[in-house]
A.B. asks: 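So that we are looking at the same thing, I have put the structure below in structure tokens.
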2 protein chains.
Amino acid sequence: MGEAAAIRGEATRRRLLEAAVPLIGEAGWHAVTTRMVAQRAGVAPGVVHYHFASVTDLLIAASAGFTRAMLDRFVRELAERPDLDAGLDWMLAEMARYDGADPASLLVAETYLAASRIPRLRDEFAELVADFRARLAGWLADHGAADPEAAATVLGAAVDGLILHRGLDPRLDLAALARPLRSMLRKE
Amino acid sequence: MGEAAAIRGEATRRRLLEAAVPLIGEAGWHAVTTRMVAQRAGVAPGVVHYHFASVTDLLIAASAGFTRAMLDRFVRELAERPDLDAGLDWMLAEMARYDGADPASLLVAETYLAASRIPRLRDEFAELVADFRARLAGWLADHGAADPEAAATVLGAAVDGLILHRGLDPRLDLAALARPLRSMLRKE
DNA sequence: TAGCGTTTTGGGCAAACGTCCAAGACGCTC
DNA sequence: GAGCGTCTTGGACGTTTGCCCAAAACGCTA
């Protein structure tokens with residue numbers, strides 16, 4: 001049988017996913033079309049519906065995959081910071097790499113919205129975020145933060161919110177936020 | 001001249017805006033169509049392009065108008081709270097009224113995203129949010145909060161972020177967040 | 001009542017959409 | 001080289017979109 005063809009097909013599938021990721025951010029979830037994805041992936045338009053049942057299916061797979069990898073990397077790198085202050089500073093520096101209008105930031109925001117209308121995506125995304133929050137709370141607890149569960153919730157929400165706000169005003173000074181965040185985590 | 005006609009026309013224009021507001025939240029910015037808005041407003045499809053140059057124009061006017069009124073009310077009611085703790089509790093209670101999947105929450109999120117792609121909307125929305133942040137910082141300063149500028153930024157971002165997160169998990173306990181937020185605002 | 005300015009109507013138009021499909025291309029086994 | 005399974009192609013289909021426009025409706029003035 002055509003084993004090489006199957007491998008090549010898998011590569012095409014992956015290229016479609018990789019092409020879809022920046023497009024969701026650039027054009028918006030609803031504005032991504034089959035032809036758009038196919039063109040950026042360098043394949044014929046019809047190939048999308050060979051590998052995916054629908055455009056929505058492709059977008060769900062692409063956005064969930066990207067977000068999962070992103071959060072994973074975030075938590076993994078955070079774990080390497082020695083204490084709360086270093087972790088906080090790293091988080092703020094990490095966020096400074098995104099201006100809120102880049103494809104990665106926009107993809108996450110688009111996925112939040114799409115999730116509110118696609119149950120399957122909401123379930124998957126909710127699990128991702130809950131897992132992220134739990135791991136963040138664990139790290140906070142391990143490093144002596146006060147009220148780690150609630151603090152992780154506020155911190156996680158603030159990260160998403162700040163990314164949105166930076167889309168409106170990229171000059172927003174993230175480093176200046178270290179002080180109030182530190183107070184929040186300080187015990188007693 | 002037809003003065004009554006002009007008044008009636010203005011009423012129709014307002015009805016189109018009012019019809020567009022929930023639709024942006026329900027269907028999503030890109031999914032709102034002329035015929036959809038016209039039907040909900042109870043008018044013929046063509047009337048949209050009589051009162052607005054384009055669908056995008058209508059959506060910009062509708063979303064900006066709604067957001068402005070919402071933030072205004074928020075700041076006005078917050079000003080009535082006597083101290084930081086009462087203000088914080090009120091904010092959390094206010095947010096609990098939205099489950100993150102209601103049209104109002106979704107409209108705000110949709111507007112953030114649309115703003116990233118429509119310069120005119122971004123400018124208008126950025127001004128709204130900056131003004132809100134400044135007024136929130138003013139209230140915090142008046143009531144003795146530490147680092148009011150930075151705290152207002154974190155607080156404002158956390159509100160938006162929490163609304164997004166509640167769309168994924170409506171059971172998220174907002175009242176439990178009062179403690180870390182209080183710590184953040186505490187002086188010293 | 002006739003004329004005028006404004007608003008409203010409902011259908012028409014080209015363009016773009018998601019999806020499908022018959023035909024071809026490719027690599028593999030006999 | 002023939003046959004087979006998988007992947008790829010490019011165009012066709014019906015639907016829906018934003019926008020436009022001639023005609024009708026309306027309230028007003030003269």
Side-chain angles (χ1 to χ4, degrees), chain A residues 1-63 110 113-114 117-118 120-121, chain B residues 1-63 110 113-114 117-118 120-121:
Chain A
M1 18 170 174
E3 193 169 332
I7 292 174
R8 197 158 40 91
E10 193 55 40
T12 302
R13 195 188 133 95
R14 192 168 42 247
R15 286 209 305 169
L16 285 172
L17 288 170
E18 284 166 6
V21 165
L23 280 177
I24 294 174
E26 289 169 23
W29 187 280
H30 278 96
V32 177
T33 68
T34 48
R35 291 159 179 84
M36 210 183 268
V37 178
Q39 191 189 6
R40 186 164 298 205
V43 295
V47 84
V48 171
H49 284 86
Y50 177 80
H51 287 286
F52 297 92
S54 68
V55 176
T56 303
D57 264 33
L58 164 61
L59 296 183
I60 289 176
S63 62
E110 290 282 352
L113 279 170
R117 300 182 186 102
I118 306 171
R120 186 156 46 101
L121 178 57
Chain B
M1 15 160 178
E3 193 169 331
I7 292 174
R8 197 159 39 93
E10 192 55 40
T12 303
R13 195 188 132 96
R14 192 168 44 246
R15 286 209 305 165
L16 285 172
L17 288 171
E18 285 167 5
V21 165
L23 281 177
I24 294 174
E26 289 169 22
W29 186 281
H30 278 96
V32 177
T33 68
T34 47
R35 290 158 179 85
M36 210 182 271
V37 178
Q39 191 189 7
R40 186 165 297 205
V43 295
V47 84
V48 171
H49 284 88
Y50 177 80
H51 287 285
F52 298 93
S54 67
V55 176
T56 302
D57 264 32
L58 164 61
L59 296 183
I60 289 176
S63 62
E110 290 282 351
L113 279 170
R117 301 183 185 103
I118 306 171
R120 185 155 47 100
L121 179 58

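Side-chain atoms are counted along with the backbone in the values below, which use heavy atoms only and exclude waters and symmetry mates. Letters go in sequence order (proteins before strands), and every chain restarts at 1.
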A.B. asks: Between C1' on dT8(C) and CZ on Arg15(B), what's the gap in Å once rounded to a whole number?
C.D. replies: 12 Å
A.B. asks: Using heavy atoms and a sub-4.0 Å distance, could you list which residues of residues 16-37 of chain B are near DNA chain D? By number, please.
C.D. replies: Val32(B), Thr33(B), Thr34(B), Arg35(B)
A.B. asks: To 10°, what angle do the rotation axes through the five end pairs on each side of the helix from dT1(C)-dA30(D) to dC30(C)-dG1(D) form?
C.D. replies: 10°
A.B. asks: Provide the closest heavy-atom pair for Thr56(B) versus Ile118(B) in the form atom of the first, atom of the second, distance.
C.D. replies: CG2-CD1, 3.8 Å
A.B. asks: Kindly give the heavy-atom pair with the smallest separation between Leu16(B) and Ala41(B), and that separation in Å.
C.D. replies: CD2-CB, 3.8 Å
A.B. asks: For a quick test of reading the model, state the closest non-hydrogen atom pair linking Leu121(B) to Ser63(B) and the distance between them.
C.D. replies: CD1-OG, 4.2 Å
A.B. asks: Without decimals, in angstroms, what is the distance between His51(A) NE2 and dC20(C) C1'?
C.D. replies: 16 Å
A.B. asks: May I have the distance from Asp57(B) (atom CG) to dG18(D) (atom P), rounded to whole angstrom?
C.D. replies: 14 Å
A.B. asks: For dC7(D), take OP1 and OP2 only and decide whether either is under 4.0 Å from a side-chain N or O of Tyr50(A).
C.D. replies: yes
A.B. asks: List in chain and number order the residues that pass side chain to side chain contact (heavy atoms under 4.5 Å, CB included) with Val21(B), two or more places apart in sequence or in another chain; answer none if no residue qualifies.
C.D. replies: Ala62(B), Phe66(B), Leu107(B)
A.B. asks: With nearest nucleotide decided by heavy atoms, which residue, Ala53(A) or Val47(B), maps closer to the 5′ end of DNA chain C?
C.D. replies: Val47(B)
A.B. asks: For Arg117(B), which residues count as a salt bridge (charged side-chain N to carboxylate O under 4.0 Å, His left out) partner, sequence neighbours excluded?
C.D. replies: Glu110(A)
A.B. asks: Taking side chain to side chain contact (heavy atoms under 4.5 Å, CB included) as the definition, give me every residue that meets it alongside Val55(B), ordered by chain and number, with sequence neighbours left out.
C.D. replies: Thr34(B), His49(B), Leu59(B)
A.B. asks: How many Å lie between NE2 on His49(A) and P on dT8(D), as a whole number?
C.D. replies: 15 Å
A.B. asks: Work out which heavy atom in Ile60(B) is nearest to a heavy atom in Trp29(B); give both atom names and the distance.
C.D. replies: N-CH2, 3.8 Å
A.B. asks: Within the structure, does a side-chain N or O atom of Thr12(A) lie under 4.0 Å from either OP1 or OP2 of dT8(D)?
C.D. replies: yes
A.B. asks: Sequence neighbours left out, what passes side chain to side chain contact (heavy atoms under 4.5 Å, CB included) with Arg40(A)? Give chain and number order.
C.D. replies: Ala19(A), Pro22(A), Leu23(A), Glu26(A)
A.B. asks: Distance check needed: dT6(C) P versus Arg13(B) CZ, whole Å only.
C.D. replies: 17 Å
A.B. asks: Quick one: list whatever passes side chain to side chain contact (heavy atoms under 4.5 Å, CB included) with Ala31(A), sequence neighbours left out.
C.D. replies: Ala27(A), His30(B)
A.B. asks: Counting any heavy atom closer than 4.0 Å, what does Val55(A) reach on the DNA or RNA strands: base, sugar-phosphate only, or nothing?
C.D. replies: sugar-phosphate
A.B. asks: dG18(C) C1' sits how many Å from Leu58(A) CG, rounded?
C.D. replies: 13 Å
A.B. asks: Counting only heavy atoms and a strict 4.0 angstrom limit, can you tell me which residues of residues 38-46 of chain A come near DNA chain D?
C.D. replies: Val43(A), Ala44(A), Gly46(A)
A.B. asks: Between the protein and nucleotides 22-25 of chain D, which nitrogen or oxygen pairs are less than 3.5 angstrom apart?
C.D. replies:
none

A.B. asks: Sequence neighbours left out, what pairs pass salt bridge (charged side-chain N to carboxylate O under 4.0 Å, His left out) with at least one residue falling in residues 48-57 of chain B?
C.D. replies: Asp57(B)-Arg120(B)
